[in-house]
Enquirer: 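Sharing a structure below in structure tokens format, with a few things to ask.
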Amino acid sequence: MNRLKKLTRRRELLLEQCEAQRLDLAARLGRLHAPREGRPLGLERLRGAAPARHPLAWVAALAGLTLLGRSRDVITVLIWLRTALAVMTRAAHVLRVITQMRGQGRDREAAPRKGEATN
């Protein structure tokens, strides 16, 4: 019975230490992710960015694949990117035309017609 009490007390102490360490770690992470005012928005900001979002990371990956003899895969990726870019460009153009047409329609409705009295 005495051994059980010792183990129970040891378990409680360990749980308290774990909780204290968890709170300390949460505070440290909070300080790391807190926005720092007055810092330049140059390269230091890019260091914290996800590597997958950085264009130079993609260029380096494609160059690495090419050097490893996977040029067919690189060409496939480049063709896919070119196609995706073309589709996005056309979609943006269509959306711009639709937005302009809707704007012209609203302008016509809002403008007074000839012969109508304005207040």
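Residues: numbered from 1 along the sequence shown.
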Enquirer: Can you hop from Leu81 to Ile75 via hydrophobic side chains spaced under 4.5 Å?
Expert: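 Cluster IDs for Leu81 and Ile75 differ.
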Enquirer: Rounded to the nearest 0.5 Å, what's the gap from CG on Leu14 to CZ on Arg9? Could you check?
Expert: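 Between Leu14 CG and Arg9 CZ, I get 10.5 Å after rounding to 0.5 Å.
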Enquirer: State, yes or no, whether a side-chain contact exists between Met101 and Val97 at a heavy-atom distance under 4.5 Å.
Expert: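 SC-SC contact between Met101 and Val97 confirmed.
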Enquirer: If hydrophobic clusters are built by linking Ile, Leu, Val, Met, Phe, Trp and Tyr wherever their side-chain heavy atoms come under 4.5 Å apart, do Val77 and Trp80 end up in the same one?
Expert: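 Linked, Val77 and Trp80 end up in one cluster.
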Enquirer: Nearest 0.5 angstrom please: Arg28 CZ to Gln21 CD, how far?
Expert: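 Answer for the CZ-CD pair, Arg28 versus Gln21, is 10.0 Å.
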Enquirer: With heavy-atom distances below 4.5 Å as the criterion, would you say the side chains of Ile98 and Arg102 are in contact?
Expert: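 Yes, their side chains come closer than 4.5 Å.
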Enquirer: To the nearest 0.5 Å, how far apart are CG in Leu23 and SG in Cys18?
Expert: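 The CG atom of Leu23 sits 11.5 Å away from the SG atom of Cys18.
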Enquirer: Working to the nearest 0.5 angstrom, can you tell me the gap between Thr8 OG1 and Leu13 CG?
Expert: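 These two atoms lie 11.0 Å from each other.
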Enquirer: How long is the span from the CZ atom in Arg70 to the OG1 atom in Thr76, to the nearest 0.5 Å?
Expert: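 Separation between the atoms: 10.0 Å.
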Enquirer: Quick one, Arg11 with Leu7, criterion side-chain contact (heavy atoms from CB on, under 4.5 Å). Give me CA distance, side-chain angles, the key distance, then yes/no.
Expert: CA-CA 6 Å; Arg11 180 180 175 269; Leu7 289 175; over 6 Å; no
